[in-house]
K.L.:
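Structure in structure tokens, see below.
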Amino acid sequence: MSKVQTSIENLKINLGEAPAAAAEKKTTRAKQAKEIKETSLNVTEADWERVLLMKNSNPDMVKIRDVRESWRSGDTLPQAKFSKTEALRMWKRFSIERREQTLIDMVANTPKNYTLIQDEAALDTMVELMEKEPIISVDTETTGLDLFGIDHLVGLSVTLPVADLHYYIPTRHDEGKQIPNDVVMNKLRPCFENPAIGKVLFNAKFDTHVLINEGVRLNGLAADAMIIMWLLSEDLLSYRLKDLATKFLKEPSDTFAELFGKNCKFNTIPLDIALAYAAKDTDLTWRFYQWQLSHLSKDKLKEVHTLYKTVENPLVEVCINMEQTGFIVDTKFAKEYGDILKAELAEAEAELWNYFPKDINFNSPTQLKKIFYEDWQLPDISKKQSTDADTLKRLNDEVEHDGIKTLLRYRELTKLVGTYVDKLPNNIKEDGRLHGGFKQNGTVTGRFASNNPNLQNIPTLARRLFIAPPGQIIFGADYSQIEPRVLAHISGDEHFREPYNKGIDLYATLAAKVFKKPIEECGDGTKLRKMMKVGLLAVMYGTTMRTLAKQLRISVEEAEQFIEDFYISYPQVGLWIKSVWEQVKRDEFVTTMYGRKRRFPGHGQQAIQYDKLAKEICERLGVEKLPSNIWAFKKELPYKLKRAFQDVKGKVERVRRMAVNAIIQGSAADVMKLALIRLDAAATTLGYAMLATVHDEALLYVDENITVEEVDFLEEAMTGACTLDIPVKVDAMFTYRWGENELNKKEWFSRDKK
DNA sequence: CGGCTGGGCCAC
DNA sequence: AAACGTGGCCCAGCCG
């Protein structure tokens, strides 16, 4: 048996897979169950794509492809009469064979310039070469993803592009000769911490956290290929390096889970396999980055490249800082508050039993649906037997049922307890802090996303669990009305800009103008002002008249009149929106203020089809303007035409809404990202820590004795992040406990100190 | 059991 | 015939 095959056999034992001979004997139920379980895993789109790639070399695979297509289309193909189970078994057999074969091939074909570093002399040679490189690629291998918890580094790979050498340095593998971890870290530290040596990574945030745990602060991030990819194509299904390499470099590459199984830890991988896998990571990262650069240098992507260099790349450090800081959670308070809420919940539940039959689960929409619409025969307002809050409220308006009211209260409480008050403390790590994730590439528009846990959707009532460490406070700075301001700036509407330039209330001014009422009747708290707020959102997000009517509890005709009046008062806004529709029809993408793109491939054709059918409808009816409800014309328009138009209309209007929204939301996100970079720099000079961002606000931990000058300095970092044609306003907030007793700047500095 | 989906709901 | 943009998490219920 060759060395490679020995490694594979060892690996199989590590993976818990019995050798082939033993497998045949044992066919217990448990084992079958396990097999089914494994079979159901990992049959992803990417798997199937690879099956298609391999079909020429293995005719059997064609059958599997056919089976899959037949599942999708809902027919059975005559040449592929397999049950789903049989097909999955075939897939399983194939993938295990392939996995083994891939590993054998991978090790056998390990490139000559991949080197395993197992002794200090070799490491010294590598470091010497590394110091001559202007830019290198780095990647880490770990036991898992819980970096603030149990998981840690087991080895790292480095690519030296000039020398064309690729290394893997194992430090904590279970078996094989290795250099002690601290020795490796000490030797790498000077180069890794030297900002003059550029680093190219794939998901740099992850590796930087890993290295921080080892006492090394990676500096000089030159590029994060994952973030660049997202700027080049914001809505790919997968942003895994291996999938991208397969897709764009035309180099079929398997992900870790595909090669080793989902539950495998990297420290169990034999070193010869680890080298072939891990050195390829940095090799691919570097090559992928070069491929990206070849695109970014094109004229039409210059702006995107600039956006990357000036915003997204420096922002990676800010994300790392926010995640490192982490929130302090008041666990004692969480417990007390949880108990109070649970008592209220028990009360609500006891009350619910007065109205609902025994043994029903109030958390189950399926069961509630049956009671509301079958047993109680309530009118189906939503037309889909919904039991959501909106429907329940409207139902209650009609039938006045205490059970419905209590159910709403029950829902509120279960959400608060079950998702936040009880659950958030579970995320606290050994350092006593909660480190949520901030993903700068988490959305298609450019906004941040947050997870594990999501810190961007904490309800006001649950925010009070988050506190500042002793001697510090939470400082918040949020942009006031950033999205309407962006609209005012981009649309160039003088009237729309007026309230901002004069420093008066936007919504009151808009309402007065649109409703033709004196401004006194549109002030704070008035109905007209509230209506205007909803109306402006509808304009920005492209709400349909039907929904707007529902929200404002007015008729569809009144809603149409409302929006028409708005466009008469603010004609440039309407013209700008139409210009966006034209842009997206022509280019199939739109661009934010800072050059971020949102793409809508295929929209051009759809828009042309839309125009064609719209024209036909107008001609048949002999009208200029497309009627809002074509279904009213029962005889005048053939069903087929109406149906075809409705189809394309839905798609085209959806893209139009998304395009308008992407520019507004995306530009606001650009501004916020710039602001975060400046804030991070300002915070660093003051010795403060970035904590979080919630779309239009940034949170920091600062000294409770922060000075007015320091606050001015932080505020300026935000206000100075952009220059719009109108003023930008930032509101500062000071508190010991998030969401509670929040003071503004004036209040904070004039408060009575205890 | 573990993955997946749909309904519901929190934030901006 | 009909859906307001961007997200993530929890629970039921289903599947293999």
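The chains referred to below are lettered A, B, ... by the order of the sequence lines, with proteins before strands, and numbering in each begins at 1.
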K.L.:
Check if the side chain of Asn363(A) and the base of dC11(C) share a donor-acceptor pair of N or O atoms closer than 3.5 Å.
P.N.:
no
K.L.:
For dT6(C), does either OP1 or OP2 sit under 4.0 Å from a side-chain N or O belonging to Arg447(A)?
P.N.:
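No, outside the criterion.
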K.L.:
If you find the nucleotide of DNA chain C closest to Thr419(A) and the one closest to Leu537(A), which residue's nucleotide is nearer the 5' end?
P.N.:
Leu537(A)
K.L.:
Taking CZ from Phe438(A) and C1' from dA11(B), how many angstroms apart are they, rounded to a whole number?
P.N.:
12 Å
K.L.:
Checking Ser667(A) side chain against Met593(A) main chain: does a donor-acceptor pair fall under 3.5 Å?
P.N.:
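Pair found, side chain donor or acceptor close to backbone of Met593(A).
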K.L.:
In Å and rounded to the nearest 0.5 Å, what is the OH to CG distance from Tyr479(A) to Asp696(A)?
P.N.:
10.0 Å
K.L.:
Taking only side-chain N and O atoms of Asn361(A), does any of them lie within less than 4.0 angstrom of OP1 or OP2 on dA12(C)?
P.N.:
yes
K.L.:
Are Gln456(A) and dT6(C) close enough that a side-chain N or O sits under 4.0 Å from OP1 or OP2?
P.N.:
no
K.L.:
Can you find a side chain N or O atom of Arg463(A) that sits less than 4.0 Å from OP1 or OP2 on dA11(B)?
P.N.:
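So the side-chain polar atoms of Arg463(A) never come under 4.0 Å of the phosphate oxygens OP1 or OP2 of dA11(B).
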K.L.:
Ion pair present between Arg656(A) and Glu653(A), side-chain N to carboxylate O less than 4.0 angstrom?
P.N.:
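A salt bridge is absent here (no side-chain N lies under 4.0 Å from a carboxylate O).
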K.L.:
Map Gln665(A) and Lys384(A) onto DNA chain C by nearest heavy atom, then report which one ends up closer to the 5' terminus.
P.N.:
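This one resolves to Lys384(A).
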K.L.:
For the residue pair Lys597(A) and Phe589(A), would you count it as a cation-pi contact if the rule is NZ or CZ under 6.0 angstrom from the ring centre and within 45 degrees of the ring axis?
P.N.:
yes
K.L.:
Look at Ser364(A) and dC11(C) and indicate whether a side-chain polar atom (N or O) is within less than 4.0 Å of OP1 or OP2.
P.N.:
no
K.L.:
Examine distances only and state if a side-chain atom of Arg598(A) and a backbone atom of Thr445(A) form a donor-acceptor pair shorter than 3.5 Å.
P.N.:
no
K.L.:
Give a yes/no on whether any side-chain N or O of Ser386(A) is located under 4.0 angstrom from OP1 or OP2 of dG8(B).
P.N.:
yes
K.L.:
If only side-chain N and O atoms of Arg411(A) are considered, is one of them under 4.0 Å from the OP1 or OP2 phosphate oxygen of dC9(B)?
P.N.:
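It does, given that an N or O in the side chain of Arg411(A) lies less than 4.0 Å from OP1 or OP2 of dC9(B).
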K.L.:
Does a nitrogen or oxygen in the side chain of Thr414(A) sit under 4.0 Å from OP1 or OP2 of dC10(C)?
P.N.:
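Looking at the OP1 and OP2 atoms of dC10(C), neither is under 4.0 Å from any side-chain N or O of Thr414(A).
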K.L.:
Any side-chain N or O of Lys415(A) under 4.0 Å from OP1/OP2 of dA11(B)?
P.N.:
no
K.L.:
Just how far, in rounded Å, is P of dA3(C) from CG of Asp647(A)?
P.N.:
12 Å
K.L.:
Within the structure, does a side-chain N or O atom of Arg654(A) lie under 4.0 Å from either OP1 or OP2 of dG5(C)?
P.N.:
yes
